[in-house]
Peer 1: 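Okay, here's the structure, questions in a sec.
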Amino acid sequence: MLSVTPDVLIDLPWGQLLVNGLALGSLYALTAFGIVLIYKTTQVITFAQGETAMFSTFVAFTLLTAFQLPFAVAFALTLLFAGLFGALIERVVLRRISTTTVLNPVIVTVGLSLILLGGAGWIWGYEIRTFPDPVVGPPFRFGTIVLSQLNALIFVVTLVLMTILFAFFRFSPTGIAMRAVAENRMAAQLMGISIGRMNALGWGMGTAMGAVTGMLIAPINYLDPSMMGDVALKAFAAAVVGGLTSLPGAVVGGLLLGIVDSVAGFEAPELRNSIAFALIVIVLVVRPAGLLGRRETKKV
Amino acid sequence: MPSGARPLLVVNEIEAYYGRVCALHSVSLEVAEGSVVALLGANGAGKTTTLRVISGLLRPTSGSFEFDGKRIDGWSPDRLVRAGIVQVPEGRQIFAELTVRENLLLGGYARRDLGAARQEAPRVFDYFPRLRERLQQRAGTLSGGEQQMLAIGRALMARPRLLVLDEPSLGLAPMLVKEIFRVISEIRAAGTTVLLVEQNAHMALDVADRAYVLETGRVILSDRSAALRQREEVRRAYLGH
Ligand SMILES: Nc1ncnc2c1ncn2[C@@H]1O[C@H](COP(=O)(O)OP(=O)(O)OP(=O)(O)O)[C@@H](O)[C@H]1O
Ligand SMILES: [Mg+2]
């Protein structure tokens with residue numbers, strides 16, 4: 001039989017790599033979703049998404065270790081913290097800066113990420129810590145495929161969050177208002193929608209989604225101020241691959257990058273990032289607006 | 001006021017700039033409660049700018065406003081909508097990505113009361129039956145005329161006290177222009193005050209009680225519609241005879 005597929009690819013444990021990749025990709029997708037949400041509502045591309053997530057994860061760590069709260073409670077409180085934190089960043093910083101050049105928000109969010117890096121190191125230290133496992137127990141097995149309890153939790157949390165968000169944007173007046181702001185800010189104002197309030201909400205929700213990633217990836221990796229560097233980069237790439245203005249695009253991009261990461265990481269770990277970013281370049285060359293992005297059409 | 005009714009909106013010597021360019025020099029106007037007031041003027045006269053200022057989208061550099069006897073200077077657009085000033089902007093500006101239903105829902109957003117918004121919907125469908133058939137459709141797929149109906153219907157969902165319309169007949173076929181103006185009369189008959197910007201001076205003067213004529217950021221004429229219609233300069237510049 002003639003086969004065009006190289007043997008190395010046939011021999012891979014595809015099912016397992018896919019499951020692992022989707023779990024990792026879910027985490028990229030959540031963070032990427034946050035970036036796109038903030039961009040769509042506030043027209044600011046945030047470079048602080050990784051560091052706000054890291055900072056929130058440290059807050060969760062404190063709640064779990066110093067206060068000994070159960071994971072679910074710490075998780076909920078951290079989401080609340082991250083939401084308020086994001087809204088505060090919008091109110092106190094971004095609302096006040098001039099957006100006359102696109103560079104201003106970039107510099108401000110990059111600066112913010114550096115401040116948070118330093119701040120977290122100052123408060124919690126730079127040593128690498130282990131984050132408490134949210135779930136313990138033997139993994140689930142489906143034939144040869146192993147699904148760890150943590151990965152199962154990641155799938156459940158991602159599915160639940162995506163369902164809630166889908167319903168929010170589809171059915172709730174506030175969610176529909178956010179879509180309206182994303183499409184036409186002037187008309188949204190004429191509907192009596194407060195742009196300031198929507199900006200704060202967008203930042204709050206986007207930041208909270210990053211915090212979810214942080215709390216679920218810290219048990220896999222480790223906890224230290226630089227924990228989100230790689231994840232945020234991938235999430236950013238996922239957002240861009242998905243089209244930057246498309247929420248479903250962010251999810252598709254995140255899952256895709258997770259799978260590429262997982263397969264490449266198995267076969268050639270040292271080339272993991274190179275392969276992932278080569279793929280991004282290819283996608284953007286072939287489809288400049290991203291996978292699900294719409295080309296900007298200026299209306300007259 | 002000539003009509004004897006008290007003014008719902010008073011605009012006092014408004015001056016407004018785009019950057020360093022002065023778009024409004026000193027615009028004053030009054031809209032009596034229950035009336036239709038038209039704002040006429042050539043391209044670039046400052047009609048849209050006046051409406052942007054009234055809706056809070058553009059801050060005037062000087063001048064003052066009153067709505068329903070209250071000072072409303074510096075109010076944010078959303079606060080003005082909640083107070084009852086609702087604008088249908090130039091070029092319709094419907095949310096093309098959202099469905100017709102969602103567009104209408106957002107019209108009532110300021111009322112923070114879905115029940116109240118639902119009460120308003122039948123009235124909107126009375127005016128524009130076609131919208132009811134298109135509820136689940138993406139608004140971007142509507143024809144130009146339907147989009148204008150949606151833009152007006154969406155504004156009515158807020159149950160405005162003052163409905164502000166910026167060139168609602170622009171680009172529409174004559175049949176549709178008639179329909180839009182018929183609805184404007186009905187809206188007024190139902191008790192809503194209307195401030196109307198129009199290029200179509202014939203139709204505007206037909207429906208309006210009073211009109212103001214703007215030229216390069218200044219009010220150069222104002223009178224009752226019937227009187228303005230007789231003025232030589234209006235006939236020549238805006239009525240074409
Ligand atoms: N965003 C803007 N930036 C700078 N100048 C503007 C802007 N919008 C309008 N202008 C200028 O302000 C003046 C008044 O414009 P405005 O849009 O209010 O006119 P208009 O009476 O509504 O005209 P039209 O009938 O074409 O709609 C014009 O000279 C216009 O060029
Ligand atoms: Mg105009």
Side-chain angles (χ1 to χ4, degrees), chain A residues 36-37 39-43 90-91 95-96 98-101 165-202 243-249 289 292-300, chain B residues 19 48 51-52 54-58 75-99 101-118 138-140 147 150-151 154-160 163-166 171:
Chain A
V36 171
L37 182 59
Y39 177 58
K40 279 183 71 116
T41 27
T42 74
Q43 299 180 323
E90 196 281 326
R91 287 258 144 149
R95 190 170 296 189
R96 285 159 210 271
S98 156
T99 50
T100 42
T101 84
L165 285 165
F166 175 82
F168 171 76
F169 285 115
R170 179 72 43 199
F171 302 116
S172 82
T174 309
I176 297 171
M178 282 181 90
R179 283 161 60 210
V181 170
E183 191 185 325
N184 186 334
R185 294 164 89 74
M186 189 266 280
Q189 281 177 285
L190 292 178
M191 301 299 104
I193 297 167
S194 157
I195 298 289
R197 206 169 286 169
M198 290 298 147
N199 283 348
L201 187 61
L244 203 52
T245 54
S246 163
L247 294 172
L292 300 182
R294 214 164 283 195
R295 215 179 277 272
E296 291 286 318
T297 45
K298 277 267 174 282
K299 271 171 276 176
V300 208
Chain B
T48 297
L51 299 194
R52 287 169 59 84
I54 290 171
S55 287
L57 294 172
L58 182 68
W75 284 26
S76 63
D78 53 293
R79 190 168 176 202
L80 289 165
V81 171
R82 283 197 298 277
I85 301 179
V86 181
Q87 190 190 151
V88 179
E90 194 174 43
R92 333 199 202 297
Q93 311 287 339
I94 53 150
F95 302 108
E97 302 285 320
L98 308 191
T99 64
R101 209 186 82 84
E102 288 169 333
N103 270 274
L104 290 174
L105 198 88
L106 286 173
Y109 180 84
R111 297 170 67 187
R112 302 218 169 125
D113 174 2
L114 285 178
R118 251 175 227 128
R138 252 181 6 98
Q147 291 192 6
L150 177 58
R154 184 178 66 174
L156 289 175
M157 293 292 287
R159 195 185 282 175
L163 180 66
V164 180
L165 299 163
D166 197 348

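Chain letters run A, B, ... following the sequence lines, proteins first and then strands; every chain starts at 1.
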Peer 1: When rounded to the nearest 0.5 angstrom, what is the spacing between CG in B:Leu80 and CG in A:Leu190?
Peer 2: 10.0 Å
Peer 1: Compare every heavy atom of A:Asn184 with every heavy atom of B:Phe95, then report the nearest pair and how far apart it is.
Peer 2: CE2-O, 3.6 Å
Peer 1: Ignoring hydrogens and angles, tell me if any N or O in the side chain of A:Gln189 forms a donor-acceptor pair with the backbone of B:Leu57 under 3.5 Å.
Peer 2: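 No.
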Peer 1: Taking all atoms of both residues into account, what is the closest heavy-atom pair of B:Asp78 and A:Gly192, and its distance?
Peer 2: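 Closest pair (atom of B:Asp78, atom of A:Gly192, distance): CB-O, 3.1 Å.
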Peer 1: Considering all heavy atoms of both residues, which atom of A:Ile176 and which atom of B:Leu105 are nearest to each other, and what is their separation?
Peer 2: CD1-CD2, 3.6 Å
Peer 1: Applying side-chain contact (heavy atoms from CB on, under 4.5 Å), can you list everything that pairs with A:Thr41, at least two apart in sequence or on another chain?
Peer 2: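 side-chain contact (heavy atoms from CB on, under 4.5 Å) list for A:Thr41, sorted by chain: A:Met178.
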Peer 1: B:Arg154 versus chain A, heavy atoms under 4.5 Å apart: side chain, backbone, both or neither?
Peer 2: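 Looking at B:Arg154, just its side chain touches chain A.
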Peer 1: Is it the backbone or the side chain of A:Arg185 that comes under 4.5 Å from a heavy atom of chain B, or both, or neither?
Peer 2: neither
Peer 1: For A:Ala182, which atoms come within 4.5 Å of any heavy atom of chain B: side chain, backbone, both, or neither?
Peer 2: neither
Peer 1: May I ask you to check whether over 12 heavy atoms, not counting those of B:Arg138, lie within 6.0 Å of atom CZ?
Peer 2: yes
Peer 1: If every non-hydrogen atom of A:Ile193 is compared with every non-hydrogen atom of B:Tyr109, which pair is closest and at what distance?
Peer 2: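 Result for this residue pair: CG1-CD2, 3.5 Å.
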Peer 1: Going by side-chain contact (heavy atoms from CB on, under 4.5 Å), name the residues that satisfy it together with A:Leu165, two or more places apart in sequence or in a different chain.
Peer 2: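 side-chain contact (heavy atoms from CB on, under 4.5 Å) check on A:Leu165 returns A:Phe33, A:Phe169, A:Met205, A:Met209.
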Peer 1: Grab the two heavy atoms, one from B:Leu106 and one from A:Met191, that are nearest each other, plus how far apart they are.
Peer 2: O-CB, 3.6 Å
